[in-house]
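Written out below as structure tokens is the structure these notes cover.
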Amino acid sequence: MVKKIVMVTGATSGIGEACARKFAGGGYNVIITGRRAEKLESLKAELEKTGAKVLALTFDVRQRDAAKAAVESLSGEWKNIDVLINNAGLALGLDKEYEGDFEDWDTMIDTNIKGLLNMTRFIVPGMVSRDSGHVINIGSVAGDAAYANGNVYCATKAAVKALADGLRIDVAASSVRVTNLKPGLVQTNFSNVRFHGDDKKAESVYEGIQPLTGADIADVAFYAASAPAHVQIAEVLILATHQASGSVVVRK
């Protein structure tokens, strides 16, 4: 039996790494991408122990030419990607919009929106031509409504939702499926990145609540990809039990 192929962007940590593990363990061959070659190679060696074939591609989704070159380098069975998980993304800072850092804005917009668009543009035409495939975008509850000082990050995740909805319309005549996953509080290195390495601030985000894990989100992604061909799971909101929305969290 020929194994399906999943490509996971931003696979070097958090939800992306968890998705790579889940799909490798679930019978897929895996293409992992990210900016840290050493981390990718370490993950590749680990995933191969499951019996999966693994290909590691080092590039930044923000760099369109590099992303295009990476996709064009695929040969043989690796060309036919069955599932694209657009995971690469981040939040930077918690400033008021009128006091925001321009570089933080550019990094979030270029990664969360343009990077996702780059990968969609390079991978989905092949899916449409084969009349088969699945795009899973990792959005956020933050895309449903803005929360205090989340302005630009929330806007990028609102864009992810709109882009998923738009793509679903564009591919509706084909058998390609599109899913937008919207996690709430997930304990990964997300907050460490947001606070530029301030571990104390990052840890405070999860105080008083049991947050989700990357594996929880990977489980939902795998479930969506495993649904029968006639079933399209368009959108899933995944929250910790004591989180009601992007701004309402009950801590104990």
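For N29 (side chain) and K53 (main-chain N/O), a donor-acceptor pair under 3.5 Å exists by modelled atom type. Side-chain atoms of N151 come within 3.5 Å of backbone atoms of D95 as a donor-acceptor pair (strictly under, hydrogens ignored). Side-chain atoms of S73 come within 3.5 Å of backbone atoms of A70 as a donor-acceptor pair (strictly under, hydrogens ignored). One N or O on the side chain of R130 and one on the backbone of G126 form a donor-acceptor pair closer than 3.5 Å. A donor-acceptor pair under 3.5 Å is absent between the side-chain atoms of R62 and the main chain of D110, judged by distance alone. Here the side chain of R177 pairs a donor or acceptor atom with the backbone of A227 at under 3.5 angstrom. Between the side chain of N192 and the main chain of D199, no donor-acceptor pair closer than 3.5 Å is present. The closest donor-acceptor contact from the side chain of N118 to the backbone of V61 lies under 3.5 Å. Between the side chain of T107 and the main chain of E103, a donor-acceptor pair closer than 3.5 Å is present. Between the D82 side chain and the I5 main chain, a donor and an acceptor come within less than 3.5 Å of each other.
Put simply, CD on E17 and OG1 on T12 are 7.5 Å apart, with the number rounded to the nearest 0.5 Å. Rounding to the nearest 0.5 Å gives a distance of 9.5 Å between CG of D65 and CD of E72. Separation of atoms CZ (R251) and CD (Q243) is listed at 8.5 Å; rounding is to 0.5 Å. Between atom CD1 of residue I136 and atom CZ of residue F23 there is a gap of 4.5 Å, rounded to the nearest 0.5 Å. Rounding to the nearest 0.5 angstrom, the gap separating the CG atom in L212 from the OG1 atom in T241 is 8.0 Å. Atom CD1 of I85 and atom CE of M7 lie 11.0 Å apart (nearest 0.5 Å).
Heavy-atom neighbours of E99 CD from other residues, nucleotides or ligands within 6.0 Å: above the threshold of 12. Residue-environment remark: NZ (K44) exceeds the threshold of 12 foreign heavy atoms within 6.0 Å. Counted within 6.0 Å of CZ on R168, heavy atoms from surrounding residues, nucleotides or ligands total more than 12; the atom is thus considered enclosed. More than 12 heavy-atom neighbours from other residues, nucleotides or ligands sit within 6.0 angstrom of NZ on K3. At most 12 non-hydrogen atoms from other residues, nucleotides or ligands lie less than 6.0 angstrom from CD of Q210.
The two residues A18 and A215 have their closest heavy-atom pair at CB-N, 3.7 Å. Smallest separation of non-hydrogen atoms from A20 and L43: CB-CD2, 4.3 Å. Contact record, G34 with L40: N-CD1, 3.6 Å, taken as the closest heavy-atom pair. Nearest approach of Q187 to P211, heavy atoms of both residues: OE1-CG, 3.3 Å. For the pair G184 and V141, the tightest heavy-atom approach, listed with the atom from each and the gap, is CA-CG1, 3.7 Å.
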Side-chain atoms of residues 152-164: list all donor-acceptor pairs with protein atoms under 3.5 Å, sequence neighbours left out, distances to 0.1 Å.
from, atom 1, to, atom 2, distance (Å)
T156, OG1, N112, ND2, 3.1
T156, OG1, Y153, O, 2.6
K157, NZ, I138, O, 2.9
K161, NZ, D165, OD2, 3.3
K161, NZ, E235, OE1, 2.9

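Within the 4.5 Å cutoff, the side chain of T58 has no heavy atoms near those of the E41 side chain. Proximity of I81 to L74: side-chain heavy atoms (C-beta onward) are separated by under 4.5 Å at one or more points. Looking at heavy atoms from C-beta onward, K200 lies out of side-chain contact with F195 at the 4.5 angstrom threshold. Side-chain atoms of L94 and K201, non-hydrogen and from C-beta on, never get closer than 4.5 Å to each other.
Side-chain contact check for D216 and T213: at least one donor-acceptor pair (N or O, by modelled atom type) lies under 3.5 Å.
Screening V236, I15, T188 against I217 for a side-chain contact (heavy atoms from CB on, under 4.5 Å) leaves a single residue, I15.
Sorted by first and then second residue, the side chain to side chain donor-acceptor pair (under 3.5 Å) pairs involving residues 133-148 (not counting sequence neighbours) are N86-N137, H134-T179, D144-K182, Y147-R194.
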